[in-house]
Every structure is written in C-alpha cells, then in structure tokens.
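Supplied in structure tokens, the structure appears directly below.
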Amino acid sequence: GGTWQGRYYQDIAITRVLEAIASGRDRILLTLATGTGKTFVAFQLAWKLFQSRWNVADWKSGSEPTRRPRILFLADRNILADQAYNAFSAFPDDALVRIDPADIRKKGRVPKNGNIFFTIFQTFMSGPGGSPYFGDYPPDFFDFIVIDECHRGGANDESTWREILNYFSPAVQLGLTATPKRTNNTDTYAYFGEPVYVYSLKEGINDGFLTPFKVKQIATTLDEYVYTADDDVVEGQIEVGKRYEEKDFNKVIEIKEREAYRVKLLM
C-alpha cells in the first residue's frame, strides 16, 4: 500500500538482486545483519517479480511474460516460515500457500495452486515411505526460491537439505544470511557466490537502525546438570547419566528456575 518506506540499504539490496537476475545470475547471496529486515527485502522482490509477471521460462526465452511466477520461501524453522507468510499479507489470499504436512496427508497431494509458497526444509524432506514431498513437484515448478538463514544448512554439501536446492536447480535461488564468511560456512558462499550486497552489524549500529549490545557473563550453580531421581521432569524425555552443558540449555533442556534467576541477576 506504499505506507512502509524501505530503508536505504534495503533499497540497495533489492536493486542489486534484480540487477543480478537481469544479468543472468541464478545463484544470489545477500548478507544482512540480524534485525535489518531480510523478510522485507524478500517481500519486495517477490512483489516486483509477481507484478511484472517475471518467470524463468519466459525470461530465458526472451519472450513476453505470459504468467506470474511461482515463488518458494524456504526456512528451517516454522516460526520463520509463519512470520514470512504473515509479512506477505499484501498479496491476494489465493496467491499465498502455506505448505503443511498435515494438510498434504489430508488431501493426499502437495498444493500447487498459488504463487507464493512457504515451507520448512523438514517438511519438504518428509514424505511417505521415505519419498520426500519436494519430489512431487516438477524440478522447474518454482521460478524463484528464497532460502532464509541459508548458512544453517541449505548450502552445505553434507546436508540432505542440499538435495532440495539441487532438485530445483532451474529456479533462481536467493540465499539470505546474517553470517559473514567464516571457515564454518564457506560452502554457503561457494554455492551462492560472493554476496551482491553486505550490510553489517557495525553499519546497522552506526546508522542507528540497530542497538549496540554489551555481553554480561553470568555463572550459576546450574551451568552443568546431571539428572537425579528427585528432580521432576515436567515434559519430554531426560537422558539419565548425561551431563547437560551450557550449549544444551534452552535447546535440549530447559530449567525455568535457572533462567528466571539469570534474568533477575541481569536486571
């Protein structure tokens, strides 16, 4: 509706991606710091491609656009896919499709009517009898694929998620990440190529769009934990004898009293 004005770096990012597509590039990477609006950028790109009826077949043949694109937003967590789905609400309702495994099982097929599809890697990798759901789509079904937080595994050669990207190789694929190039994610950059635009955490802080932070280290008597019989498991399964460490807290195990105490110390 024109009520939300893009920030200058978002406009640059959008322009750089469109220029890359126009020049024939089909693997594109954007590195934007957390909190700088990667979903907004993805929406703007989808909107422009949708309104211009850009699609891979007509683009490669050089002919006039005949249909609107089919765009896939691929995340690794449901909360990210849901956030994106809600952020794309300016599109017509019949254009948006949330790919849900329960819905697929109920209808007996993957959804194909629509233009902007949202799902997570795990849904696409699941399917009956070990046959992944993404294989129910033709390889050239999607014209444009946005891979959110692509450093988490989408471009990793070791990852089964890479199968999805390889399968849909005819599509133009855009990787979004907040992580600068490091030794543990070099394959992300090898797959997508060097980013067409980088907006760093430092730039975001200097521009006033992000808040600088300070690290406060807190040590408690529960920074390591081994289950004992007099502890109550509220929910889930506990591994008897396992030593849970800092890296496990709030990912594998949650002790609410510990977190409440840490918040109290911080405040």
Side-chain angles (χ1 to χ4, degrees), residues 3-23 25-48 73-77 79-84 86-88 120-121 144-159 161 165 172-219 223 245-247 249-251 259 262-263 265-267:
T3 56
W4 184 274
Q5 184 63 44
R7 296 169 177 171
Y8 81 91
Y9 64 84
Q10 293 171 332
D11 292 338
I12 295 172
I14 293 160
T15 302
R16 294 278 176 86
V17 172
L18 293 175
E19 287 173 348
I21 295 173
S23 68
R25 189 165 165 180
D26 59 2
R27 300 292 180 267
I28 305 166
L29 182 65
L30 279 177
T31 302
L32 302 172
T34 299
T36 54
K38 289 190 286 293
T39 305
F40 175 81
V41 170
F43 165 79
Q44 290 290 336
L45 288 166
W47 184 264
K48 292 175 188 297
F73 188 95
L74 199 54
D76 72 337
R77 287 183 291 170
I79 189 169
L80 295 176
D82 291 339
Q83 283 174 354
N86 294 330
F88 280 57
I120 58 173
F121 287 108
F144 188 69
I145 300 177
V146 178
I147 304 98
D148 193 29
E149 305 291 0
C150 61
H151 63 277
R152 287 211 186 116
N156 189 336
D157 281 318
E158 310 295 316
S159 173
W161 298 349
L165 303 186
V172 173
Q173 298 177 7
L174 169 66
L176 301 177
T177 181
T179 310
K181 189 173 183 178
R182 298 196 184 106
T183 53
N184 63 351
N185 68 347
T186 51
D187 44 5
T188 300
Y189 288 76
Y191 180 81
F192 289 103
E194 288 300 311
V196 294
Y197 185 62
V198 176
Y199 187 73
S200 67
L201 175 66
K202 185 177 180 180
E203 288 174 296
I205 291 171
N206 288 341
D207 287 340
F209 296 121
L210 297 177
T211 304
F213 61 88
K214 295 178 181 177
V215 175
K216 183 175 178 65
Q217 292 187 316
I218 296 174
D223 292 336
E245 300 173 346
E246 183 64 44
K247 61 182 173 59
F249 284 105
N250 302 311
K251 291 182 179 178
E259 301 315 315
R262 282 154 60 99
V263 171
L265 281 181
L266 181 67
M267 299 302 287

Checklist line | Nearest atoms (heavy-atom pairs only) where Phe73 meets Leu80 | finding: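 Looking at all heavy atoms of both residues, the closest pair is CE2-O, 4.2 Å.
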
Note to self: Looking at Ile218, I want to see if its CD1 is surrounded by more than 12 non-hydrogen atoms of other residues, nucleotides or ligands under 6.0 Å.
What the structure shows: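 Correct, the count exceeds 12.
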
Check: Does the side chain of Arg77 come within less than 4.5 Å of Ile120's, by heavy atoms?
Finding: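 Not touching, per the 4.5 Å side-chain cut-off.
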
Next item on the list: Could you pull out the closest heavy-atom pair between Tyr189 and Lys181, with the gap in Å?
Entry: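 In this case the closest contact between Tyr189 and Lys181 is OH-N, 3.2 Å.
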
Item checked: Test side chain to side chain contact (heavy atoms under 4.5 Å, CB included) applied to Thr31 and Phe192, step by step -> CA-CA 11 Å; Thr31 302; Phe192 289 103; over 6 Å; no

Next item on the list: Looking only at non-hydrogen atoms, find the nearest pair between Phe88 and Ala46 and report the distance.
Entry: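 Looking at all heavy atoms of both residues, the shortest contact is CE2-CB, 3.7 Å.
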
Note to self: I need the minimum non-hydrogen distance between Asp223 and Arg262, along with the two atoms involved.
What the structure shows: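 Closest approach of Asp223 to Arg262: OD1-NH1, 4.3 Å.
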
Note to self: Assess the residue pair Leu29 and Tyr191 against the criterion (side chain to side chain contact (heavy atoms under 4.5 Å, CB included)); give the C-alpha distance rounded to whole Å, side-chain angles, the decisive distance to 0.1 Å, and a yes or no.
What the structure shows: CA-CA 9 Å; Leu29 182 65; Tyr191 180 81; over 6 Å; no

Check: Hey, does the side chain of Gln10 reach the backbone of Phe40 with a donor-acceptor pair shorter than 3.5 angstrom?
Finding: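 Here the side-chain-to-backbone pair does not exist.
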
Next item on the list: Would you mind reporting whether Phe121 and Ile147 have side-chain heavy atoms less than 4.5 Å apart?
Entry: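 Ile147 reaches Phe121 side chain to side chain.
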
Note to self: If you define the side chain from C-beta out and look only at heavy atoms, does anything of Trp47 sit under 4.5 Å from Ile14?
What the structure shows: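 No; the side chains remain at least 4.5 Å from each other.
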
Next item on the list: Drop me the distance from Glu203's CD to Leu32's CG, to the nearest 0.5 angstrom.
Entry: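 Output value for this atom pair is 10.0 Å.
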
Check: Parallel under 30°, tilted from 30 to 60°, perpendicular over 60°: which one fits the rings of Tyr8 and Tyr199?
Finding: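 Correct class here is perpendicular.
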
Check: How close do Ala75 and Ala81 get, heavy atom to heavy atom, and via which atoms?
Finding: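 Minimum heavy-atom separation between Ala75 and Ala81: CB-N, 4.0 Å.
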
Item checked: Short side-chain to backbone donor-acceptor contact, Glu149 and Thr179, under 3.5 Å ->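 Answer holds: no.
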
Next item on the list: Work out which heavy atom in Val172 is nearest to a heavy atom in Arg25; give both atom names and the distance.
Entry: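 Where Val172 meets Arg25 most closely, the heavy atoms are CG1-O, 4.1 Å.
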
Next item on the list: Drop me the distance from Leu201's CG to Asn206's CG, to the nearest 0.5 angstrom.
Entry: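 Leu201 CG to Asn206 CG: 9.5 Å, rounded to 0.5 Å.
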
Check: Between Leu45 and Leu18, is any pair of side-chain heavy atoms under 4.5 Å apart?
Finding: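 They are in side-chain contact.
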
Next item on the list: Starting at OG1 of Thr39, measure out to CD of Gln83 and round the result to the nearest 0.5 Å.
Entry: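 Atom-to-atom, Thr39:OG1 and Gln83:CD are 6.5 Å apart.
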
Note to self: Using side-chain heavy atoms (C-beta onward) and a distance below 4.5 Å, is Val198 in contact with Pro180?
What the structure shows: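 Sidechains of Pro180 and Val198: no contact.
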
Notebook entry, point to check: Under the 3.5 angstrom rule, does the side chain of Tyr9 hit a backbone N or O of Thr36 as a donor-acceptor pair?
Noted result: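 Checked: pair present.
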
Check: Picking from Ile21, Val196, Asp11, Ile28, what satisfies side-chain contact (heavy atoms from CB on, under 4.5 Å) with Arg16?
Finding: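 The residue from Ile21, Val196, Asp11, Ile28 that satisfies side-chain contact (heavy atoms from CB on, under 4.5 Å) with Arg16 turns out to be Val196.
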
